[in-house]
Amino acid sequence: MTVIIKRYRNRKLYNTQSKKYITLEEIEELIKDEQEVQVIENYTGRDITAITLSQVIFELEKNHANFLPHSLLLSLVRSGGKRIDDIRRNIFD
């Protein structure tokens, strides 16, 4: 079952399943517990799951230095996203 999270204009995240506000760290825990998560921008209905998951990764890197190798981060920036496509293909092949 997918946990639907709504993001409001004030940037607060709301878990519609538990009916409580949620933090990025709590989203990280849901994912670690193998829950499917979908984040929807409340005022537009736009799916912003990828953006939110990127924020979770950013927080991991910020709080746990060297979570991602420096070389990987440089490669992602230099490639302008092409490297991410390569990684995605390799994972799913």
Hey, quick one: are [X] and [Y] part of the same hydrophobic cluster, counting side-chain heavy atoms closer than 4.5 Å, chains of contacts allowed?
X	Y	result
Ile4	Leu53	no
Ile40	Tyr14	no
Leu24	Val3	yes

Once rounded to the nearest 0.5 Å, what's the spacing between atom [atom1] of [X] and atom [atom2] of [Y]?
X	Y	atom1	atom2	answer
Asn15	Leu30	CG	CG	6.5 Å
Tyr21	Lys6	OH	NZ	11.0 Å
Glu28	Asp33	CD	CG	10.5 Å
Glu29	Gln35	CD	CD	11.5 Å
Thr44	Arg7	OG1	CZ	9.0 Å
Leu60	Gln55	CG	CD	12.0 Å

Check: For Tyr8, does the OH atom sit with more than 12 other heavy atoms under 6.0 Å from it, leaving out its own atoms?
Finding: yes
Notebook entry, point to check: Is the count of non-hydrogen atoms from other residues, nucleotides or ligands lying under 6.0 Å from Glu36 atom CD greater than 12?
Noted result: no
Check: Does the side-chain contact (heavy atoms from CB on, under 4.5 Å) test come out yes or no for Ile27 and Ile22, once each step is laid out?
Finding: CA-CA 7 Å; Ile27 292 174; Ile22 189 170; 3.9 Å; yes
Note to self: Looking at Thr23, is its backbone amide N or carbonyl O close enough to the side chain of Glu26 to form a donor-acceptor pair, meaning the two atoms are under 3.5 Å apart?
What the structure shows: yes
Next item on the list: Evaluate the side-chain contact (heavy atoms from CB on, under 4.5 Å) criterion for residues Leu13 and Val39: first the C-alpha distance (whole Å), next the side-chain angles of each, then the deciding distance (0.1 Å), finally the verdict.
Entry: CA-CA 8 Å; Leu13 299 163; Val39 184; 4.2 Å; yes
Next item on the list: For Ile31 and Val37, run side-chain contact (heavy atoms from CB on, under 4.5 Å): C-alpha distance rounded to whole Å, both residues' side-chain angles, the deciding distance at 0.1 Å, then the answer.
Entry: CA-CA 7 Å; Ile31 294 166; Val37 173; 4.1 Å; yes
Note to self: Taking side-chain hydrogen bond (donor to acceptor under 3.5 Å, both in side chains) as the criterion, tell me which of Thr2, Asp47, Thr16 meets it with Gln38.
What the structure shows: Asp47
